[in-house]
Q: 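Sharing a structure here in structure tokens format.
For reference, positions follow the sequence shown, starting with 1. Both counts, for ligands and for their atoms, begin at 1 and track the order of listing. All values below come from the heavy atoms of this structure, side chains included, with hydrogens, waters and symmetry mates left out.
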Amino acid sequence: MSAMTSAQDRDQEATAILSANDRGSFSVPTKGLYPFQWNWDSAFAALGYIHLAPQRAVTELETLAAAQWPDGMIPHIVFHRPDPGYFPGPEVWGTGTTPPTSGITQPPVFAIALARIAERGHAGGERLARLVSAADRWHRWFFAARRDEATGAIGVVHPWESGRDNMPDWDGPLAAVSAEGIKPFVRRDLGHVDAALRPTQEQYERYVALVEFGQKVGWDQIRLRNECPFFVGDPGMTAILIRAERDLKRLAASTGQADIAAGVDERLPVLLDGMNALWSDVIGAYTTLDFRTGNHGDGVSSASFLGFLAEAVSREKAAALNAHFDRLAARCRFMVPSYDLESPAFDEKRYWRGPVWLVVNWLIAMGFETSGDTARAERVRADSRALVEKGGFYEYFSPLDGAPLGGGDFTWTAAAWLDWARGG
Ligand code: 9WN
């Protein structure tokens, strides 16, 4: 394949990747490295399927919703079939659910994808109403089990929950998690990807310690929020949920589920206050907020720009965020780096400590577009397209030279490409 492949060839490649990673009723993020169904990956996969086989998009969300817990949580991984190639597998999580799942959640892109599917007329009637109800139960679960009552912001009880696993701002709160006495384990990711591109061993030990903590409280999600040594406010999770709530309200209005729309109206102002609480005056951006210590994170991350998805950014805050964006844009050939390249913690190639992820770009572009900033939205989209044209459908990319990194043939990268290539 030539260094620069034509957009049309990439289009065909993206289609082939979605089909190769399709397991019938769900998709895997990529074969080998991630052999199960992941929550937000599936929502993005659905956005891709809209352009190829719209009914398959609906099925993807239905399969995910079928794994919803009785308390409303839609888990971050669904282990449909055994596969020894990934750690931690279902036996480590020990949630005892059918189907086996992990015990935490992931960003709620579900209703955002569902709104797209419905708006294009690919779902309706009872089938749509059931998915709307699933999204509603999950959003209510977020409000009950992941909201910090003092601020209204949504937090995560594990870095994996954020989807941006080893972002530098988790380091401080994670340092308070002891990994002493955890059961020995063997990582599987390093058999698929170079260690320099993945989280460190020390981080993994603490990830496992948090899984063991979940087991200790019997995966009681309210206890997790109240007692977990790691509970950190996340601008990514909060902004995505706010956008998903707005989409849920429109969906519920279209299906005649008025009680669901009324519930959104009650939660939304609280969540918007929560988003404001995640603003750091020191950094001049939305950052993490450690609910256990009251400390804000110390850097601008890609999640800071997700703030625009919440659609309630004051003029001053928007100006501050845009100034950060423009500062980074002047130095990064490819926007948007997952962490500030002027921070000492920036690492061009290591997972969420610098690289660009197309799905985060997809959401950031949507936020800019919604706030009327077409120019910045287009910069994000153009850079994303250029990354794929140059490097193919990798998991993530260097923001400096565009080097493709992590796993290859990645479902959500292909889906984001298809969505943009086919006009959204
Ligand atoms: C843990 C599947 C997932 C993504 C996450 C990404 C990575 C898993 C891992 O892969 O996380 O959930 O083992 O590294 O960080 O965002 O959903 O693509």
Q: Numbering the atoms of ligand 1 from 1, which are under 4.0 Å from a heavy atom of R198?
A: 9 (C), 13 (O), 14 (O)
Q: Does R187 count as lying over the ring of Y204, i.e. NZ or CZ under 6.0 Å from the six-ring centre, within 45 degrees of the axis?
A: yes
Q: Return the CD1 to CD1 distance between I77 and I104, rounded to the nearest 0.5 Å.
A: 7.5 Å
Q: Verify whether the ring centers belonging to W219 and W69 lie closer than 6.0 Å.
A: no
Q: Kindly check if the number of other-residue, nucleotide or ligand heavy atoms within 6.0 Å of CD (E202) is above 12?
A: no
Q: By number and element, which atoms of ligand 1 are closer than 4.0 Å to a non-hydrogen atom of F410?
A: 18 (O)
Q: I need the atoms of ligand 1 closer than 4.0 Å to a non-hydrogen atom of H76, numbered in the order shown.
A: 1 (C), 12 (O)
Q: For E395, is at least one N or O under 3.5 Å away from an N or O on ligand 1?
A: no
Q: Can you check whether Y86 and W38 have ring centres sitting under 6.0 Å from each other?
A: yes
Q: Looking at ligand 1, does Q106 have a heavy atom less than 4.0 Å from it?
A: yes
Q: Starting from atom 1 (C) of ligand 1, find the nearest protein heavy-atom neighbour and note its residue, name and distance.
A: Y86 OH, 3.4 Å
Q: For the aromatic rings, using the six-membered ring if either is Trp, is the centroid distance between Y351 and Y396 under 6.0 Å?
A: yes
Q: May I ask whether D165 has any heavy atom positioned less than 4.0 angstrom from an atom of ligand 1?
A: yes
Q: Would you indicate which of T411, D41, V359, N166 comes nearest to atom 2 (C) of ligand 1 when only heavy atoms are counted?
A: D41
Q: Identify which of W412, Y351, W160 has a heavy atom lying nearest to atom 14 (O) of ligand 1.
A: Y351
Q: Report the nearest protein non-hydrogen atom to atom 10 (O) of ligand 1: residue, atom name, distance rounded to 0.1 Å.
A: Y34 CZ, 3.2 Å
Q: Could you list the residues that satisfy salt bridge (charged side-chain N to carboxylate O under 4.0 Å, His left out) with D383, not counting sequence neighbours?
A: R333, R379
Q: With R353 as the cation and Y339 as the aromatic partner, state whether NZ or CZ is under 6.0 Å from the six-membered ring centre and within 45° of the axis.
A: no
Q: Below 3.5 angstrom, do we get any N/O pair linking G163 and ligand 1?
A: yes
